[in-house]
Amino acid sequence: MIEKLYWLPAGKLSSDYSALNLNVPPGQMVTIPIWVFLLVTEDGPILLDTGMPESFINNPDYFKGTPYEGRIIPLMERDDHIVSVLKKVGYSPSDMIAVINSHLHMDHAGGNPYFPDTPIYIQQKEWEIVKQGISAYAPPECLLPNLNYTIVEGDTEPFPGLQLLSTPGHSPGHQSVLVTTKKTGPILLTVDMAYTRSNYEEGAPFFTYDYRQARQSIERIKQKMEGIQPSIIFFGHDIDQGAVQQVYPIFY
Ligand SMILES: [Zn+2]
């Protein structure tokens, strides 16, 4: 069982709204929240995702001259970097007993260079992307080959109360996380299996690597959750849900 689960904001991205809902015509920019999560266990703290890379700090022009120019704009300050985010809660990166990467996109694995020795849990299919060393959505910081990866495949429970659920589709080796805490019981963190509630509940199509696979993952998890009835289902980049989410020092 997990002692405490904290929501930690880690900056924002300005993104074309159509990435969240492909039924909307492109051209409308929205500001989406970036999250990392801290899980306090008896053995020490565990971090879920590491936010955006240092190269995004005060650098809204990062994607200038690339295919993403004008479609993705980092809105990141020094305070939003994982080292600062952890410092605010009294930790440094080396205190973490483990890091979970839901996947290796720019807003989920950007702080990985600060965890050179920490076991980093990723799915096999994401590891294959690391080995290839190229991904359009991952700056180099997200694909470092020499970190201390722990490769998993499928659903697994590496720590009591922390289940990794294989949910490919948004990325080839995406994983969602089911956390069971003392205070709140089961909490599903979909991460980018579904950017928003409407992706999950209404099937609104969003930015995916393989849309059919993404739909299958959502359907599988929905079915699994019928038996679990989580108290909270939290989506990766839902603007409305994120705006009212209670963050550190509130815990769940
Ligand atoms: Zn992503």
Side-chain angles (χ1 to χ4, degrees), residues 7-22 24 26 29-37 47-53 55-56 62-63 66-68 71-76 80 82 99-112 120-130 132-144 152 164-177 188-200 204-218 221 233-239 241-242:
W7 267 247
L8 305 177
K12 295 182 171 182
L13 277 175
S14 178
S15 159
D16 198 292
Y17 186 64
S18 64
L20 277 62
N21 185 343
L22 294 171
V24 175
M29 297 298 281
V30 289
T31 300
I32 64 169
I34 309 302
W35 296 101
V36 303
F37 303 87
L47 184 65
L48 167 57
D49 284 341
T50 64
M52 295 186 282
S55 51
F56 282 14
Y62 183 91
F63 290 105
T66 78
Y68 307 108
R71 288 171 48 208
I72 305 175
I73 299 168
L75 303 174
M76 184 188 189
D80 302 321
I82 194 63
V99 168
I100 314 292
N101 276 144
S102 59
H103 62 309
L104 299 176
H105 282 172
M106 61 181 83
D107 47 337
H108 296 269
N112 281 13
I120 298 181
Y121 288 74
I122 57 172
Q123 290 280 334
Q124 172 73 32
K125 285 270 164 30
E126 292 298 286
W127 168 237
E128 282 161 23
I129 298 169
V130 176
Q132 288 159 12
I134 334 165
S135 156
Y137 314 105
E141 293 96 321
C142 300
L143 298 178
L144 298 181
V152 299
L164 306 179
L165 306 174
S166 169
T167 49
H170 170 69
S171 72
H174 189 277
Q175 53 188 352
S176 303
V177 180
L188 175 66
L189 304 170
T190 70
V191 200
D192 290 358
M193 177 189 85
Y195 273 176
T196 66
R197 185 179 299 282
S198 96
N199 300 151
Y200 186 78
F206 67 111
F207 171 75
T208 51
Y209 155 82
D210 180 331
Y211 183 65
R212 239 192 81 210
Q213 205 177 37
R215 286 290 351 143
Q216 281 168 356
S217 288
I218 289 177
I221 295 301
I233 299 182
F234 192 78
F235 306 101
H237 300 290
D238 190 300
I239 297 169
Q241 187 184 34

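Counting starts at 1 for both ligands and their atoms, in listed order. In what follows, residues are counted from 1 in the order of the sequence shown.
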Taking the side chain as C-beta and beyond, is there a heavy-atom pair between I73 and M29 under 4.5 Å? yes
For the Zn ion (ligand 1), angle spanned by H170 NE2 and D192 OD2 (nearest 10°) is 90°
Can you name the N, O or S atom of H105 that is closest to the Zn ion (ligand 1)? ND1
So, Q241 side chain and F235 main chain: donor-acceptor pair closer than 3.5 Å or not? yes
Under 3.5 Å, side chain of Q175 to main-chain N/O of N101, donor-acceptor pair present? yes
What is the ring orientation for H103 with H174, classed by angle as parallel under 30°, tilted 30 to 60°, or perpendicular over 60°? tilted
Look at H174 and state whether any of its N, O or S atoms is less than 2.8 Å from the Zn ion (ligand 1). no
